[in-house]
Amino acid sequence: MKMAKKIVFWTLVAFALVQFFPIDRTNKPVDSAVNFVEARKSPAKIRTLLKNACYDCHSNETVYPKYAFIAPVSWSVKSHVNEGREHLNFSTWQTYNKDLKENMLTKSIQTIQNKTMPMPGYIVYHKEANLSEAERVLLIQYFEEMLKSKTY
């Protein structure tokens, strides 16, 4: 019993200490000239779907939820955001070359079809990101039209 109390005590101490090492939640400024939805003049419905389901991890417009202020959860959230931005950052869309854009659109279509994006764990806490089948089809059609017309 004495050992269990020590374990609990030191676990709580460690949890308290890690709170002193916050993540950087500063978003880089967004230039509307290179941001996907503005540069492409995306329709309102597409804009809303992307902002609700994609932009938190795939743009410089991340809105960090309350749980992202508690370590070590915050570290995981930041890691997911960084990884998402590495794969596709809608805030810097116009800076990508043609091949990268084509590849990102193709992969976006695949992940929407396979329902691997938005991530299931993200949807649990962000109900607005849970895309219906009709919304998935709408995004896929939008991206496919861009690919077909080569207007990225």
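Residue numbers run from 1 in the order of the sequence given. All heavy atoms count here, side chains included; hydrogens, waters and symmetry mates do not.
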Peer 1: Rounded to the nearest 0.5 Å, how far apart are CG of Leu147 and CD1 of Ile140?
Peer 2: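 Separation between the atoms: 12.0 Å.
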
Peer 1: Can you measure from CG (Asn114) to CD1 (Ile109) and round to the nearest 0.5 angstrom?
Peer 2: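 Asn114 CG to Ile109 CD1: 11.5 Å, rounded to 0.5 Å.
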
Peer 1: Using side chain to side chain contact (heavy atoms under 4.5 Å, CB included), reason through Thr62 and Cys57 one step at a time and then give a plain yes or no.
Peer 2: CA-CA 6 Å; Thr62 304; Cys57 294; over 6 Å; no

Peer 1: Does Phe36 have any ring pair (Phe, Tyr, Trp, His ring centres under 6.0 Å) partners at least two apart in sequence or in another chain, and if so, which?
Peer 2: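 Listed in chain order: Phe90, Trp93.
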
Peer 1: According to salt bridge (charged side-chain N to carboxylate O under 4.0 Å, His left out), who are the partners of Lys107, at least two apart in sequence or on a separate chain?
Peer 2: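 If we apply the salt bridge (charged side-chain N to carboxylate O under 4.0 Å, His left out) test to Lys107, skipping adjacent residues, there are no hits.
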
Peer 1: Would you give me the side-chain donor-acceptor pairs under 3.5 Å for residues 117-126, sequence neighbours excluded?
Peer 2:
from: Tyr122; atom 1: OH; to: Asp56; atom 2: OD2; distance (Å): 2.5
from: His126; atom 1: NE2; to: Tyr67; atom 2: OH; distance (Å): 3.0

Peer 1: Who pairs with Thr92 by side chain to side chain donor-acceptor pair (under 3.5 Å), at least two apart in sequence or on another chain?
Peer 2: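 Checked Thr92 against side chain to side chain donor-acceptor pair (under 3.5 Å); matches are Tyr96.
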
Peer 1: Hey, quick one: are Val77 and Val63 part of the same hydrophobic cluster, counting side-chain heavy atoms closer than 4.5 Å, chains of contacts allowed?
Peer 2: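 As far as the 4.5 Å side-chain criterion goes, Val63 and Val77 are not connected within one cluster.
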
Peer 1: Transitively linked via ILVMFWY side-chain contacts under 4.5 Å: Met104 with Ile46?
Peer 2: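 Yes, same cluster.
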
Peer 1: Can you confirm whether Ser59 sits close enough to Asn89 that some side-chain heavy atom of one is under 4.5 Å from a side-chain heavy atom of the other?
Peer 2: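 Heavy-atom side-chain distance check passes, below 4.5 Å.
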
Peer 1: Apply ring pair (Phe, Tyr, Trp, His ring centres under 6.0 Å) to His80 and list each qualifying residue two or more places apart in sequence or on a separate chain.
Peer 2: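 His80 satisfies ring pair (Phe, Tyr, Trp, His ring centres under 6.0 Å) with no residue once adjacent residues are dropped.
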
Peer 1: Is Gln19 reaching over with its side chain to a backbone N or O of Ala71, donor-acceptor style, under 3.5 angstrom?
Peer 2: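 It does hold such a pair.
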
Peer 1: Under 3.5 Å, is there a donor on one side chain and an acceptor on the other for Arg25 and Ser74?
Peer 2: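 Side chains of Arg25 and Ser74: no pair found under 3.5 Å.
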
Peer 1: Would you say Val81 and Ile70 are hydrophobically clustered, going by side-chain heavy atoms of ILVMFWY under 4.5 Å?
Peer 2: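 Per the 4.5 Å side-chain linkage, Val81 and Ile70 are not co-clustered.
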
Peer 1: For Lys28, enumerate each residue passing the salt bridge (charged side-chain N to carboxylate O under 4.0 Å, His left out) test, keeping only those at least two apart in sequence or located in another chain.
Peer 2: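 Counting only residues at least two positions away or on another chain, Lys28 forms no salt bridge (charged side-chain N to carboxylate O under 4.0 Å, His left out).
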
Peer 1: Mind checking salt bridge (charged side-chain N to carboxylate O under 4.0 Å, His left out) for Lys78 and listing every partner two or more places apart, or none if nothing turns up?
Peer 2: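 Salt bridge (charged side-chain N to carboxylate O under 4.0 Å, His left out) check on Lys78 returns nothing, list empty.
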
Peer 1: Go through Asn52 and Leu131 one step at a time and tell me if the side chain to side chain contact (heavy atoms under 4.5 Å, CB included) criterion holds.
Peer 2: CA-CA 9 Å; Asn52 288 344; Leu131 300 173; over 6 Å; no

Peer 1: Any ring pair (Phe, Tyr, Trp, His ring centres under 6.0 Å) involving residues 132-152? Give me the pairs, sequence neighbours left out, ordered by first then second residue.
Peer 2: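 Sorted result for residues 132-152: empty, none.
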
Peer 1: Working to the nearest 0.5 Å, report the span between CD of Gln94 and OG of Ser32.
Peer 2: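 Atom-to-atom, Gln94:CD and Ser32:OG are 11.0 Å apart.
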
Peer 1: Would a 4.5 Å heavy-atom cut-off, applied to side chains only, mark Lys45 and Glu135 as touching?
Peer 2: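 Yes - at least one pair of side-chain heavy atoms lies under 4.5 Å apart.
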
Peer 1: Tell me the closest heavy-atom pair linking Ser91 and Val34, and the distance in Å.
Peer 2: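 Looking at all heavy atoms of both residues, the shortest contact is O-CG2, 3.3 Å.
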
Peer 1: Considering residues at least two apart in sequence or located in another chain, which fulfil the salt bridge (charged side-chain N to carboxylate O under 4.0 Å, His left out) criterion with Glu144?
Peer 2: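 Glu144 satisfies salt bridge (charged side-chain N to carboxylate O under 4.0 Å, His left out) with no residue once adjacent residues are dropped.
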
Peer 1: Apply side chain to side chain contact (heavy atoms under 4.5 Å, CB included) to Arg136 and Lys115, showing your working.
Peer 2: CA-CA 9 Å; Arg136 288 179 183 278; Lys115 297 183 180 177; 3.7 Å; yes

Peer 1: Tell me, please, which residues at least two apart from Phe15 pass ring pair (Phe, Tyr, Trp, His ring centres under 6.0 Å).
Peer 2: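 Applying ring pair (Phe, Tyr, Trp, His ring centres under 6.0 Å) to Phe15 gives none.
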
Peer 1: Can you sort out the partners of Asp99 under side chain to side chain donor-acceptor pair (under 3.5 Å), two or more places apart, ordered by chain and number?
Peer 2: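 If we apply the side chain to side chain donor-acceptor pair (under 3.5 Å) test to Asp99, skipping adjacent residues, there are no hits.
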
Peer 1: If we ignore angles and hydrogens, is there a donor and acceptor under 3.5 Å between the side chains of Glu61 and Asn35?
Peer 2: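 Present: a donor and an acceptor within the cut-off.
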
Peer 1: Going by the rule side chain to side chain donor-acceptor pair (under 3.5 Å), which residues pair with Thr116 if we only count those two or more places apart in sequence or in a different chain?
Peer 2: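 Checked Thr116 against side chain to side chain donor-acceptor pair (under 3.5 Å); zero matches.
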
Peer 1: Is it the case that the side chain of Ser76 and the backbone of Val73 share a donor-acceptor pair, with hydrogens and angles ignored and the cut-off at 3.5 Å?
Peer 2: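 Looks like no, no N/O pair under 3.5 Å.
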
Peer 1: Using the rule given for side chain to side chain contact (heavy atoms under 4.5 Å, CB included), can you reason through Arg40 versus Thr151, listing the C-alpha separation, both sets of side-chain angles and the distance that settles it, and then say yes or no?
Peer 2: CA-CA 9 Å; Arg40 295 222 12 93; Thr151 55; 4.1 Å; yes

Peer 1: To the closest 0.5 Å, what do you measure between OG1 (Thr95) and CG (Leu100)?
Peer 2: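 Thr95 OG1 to Leu100 CG: 9.0 Å, rounded to 0.5 Å.
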
Peer 1: State plainly whether one hydrophobic cluster holds both Met146 and Val37, where clusters connect Ile, Leu, Val, Met, Phe, Trp and Tyr through side-chain heavy atoms under 4.5 angstrom apart.
Peer 2: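 Yes, Met146 connects to Val37 through the hydrophobic network.
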
Peer 1: Keeping Ser79 on the side-chain end and Trp75 on the backbone end, is there a donor-acceptor pair under 3.5 Å?
Peer 2: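 Such a contact is absent between Ser79 side chain and Trp75 backbone.
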
Peer 1: In the single-linkage hydrophobic clustering (I, L, V, M, F, W, Y; side-chain heavy atoms under 4.5 Å), do Leu105 and Leu49 co-cluster?
Peer 2: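 Yes: a chain of side-chain contacts under 4.5 Å links Leu105 to Leu49.
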
Peer 1: Please report the interatomic distance NZ(Lys101) to CG(Leu88), rounded to the nearest 0.5 Å.
Peer 2: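 So the NZ of Lys101 and the CG of Leu88 are separated by 11.5 Å.
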
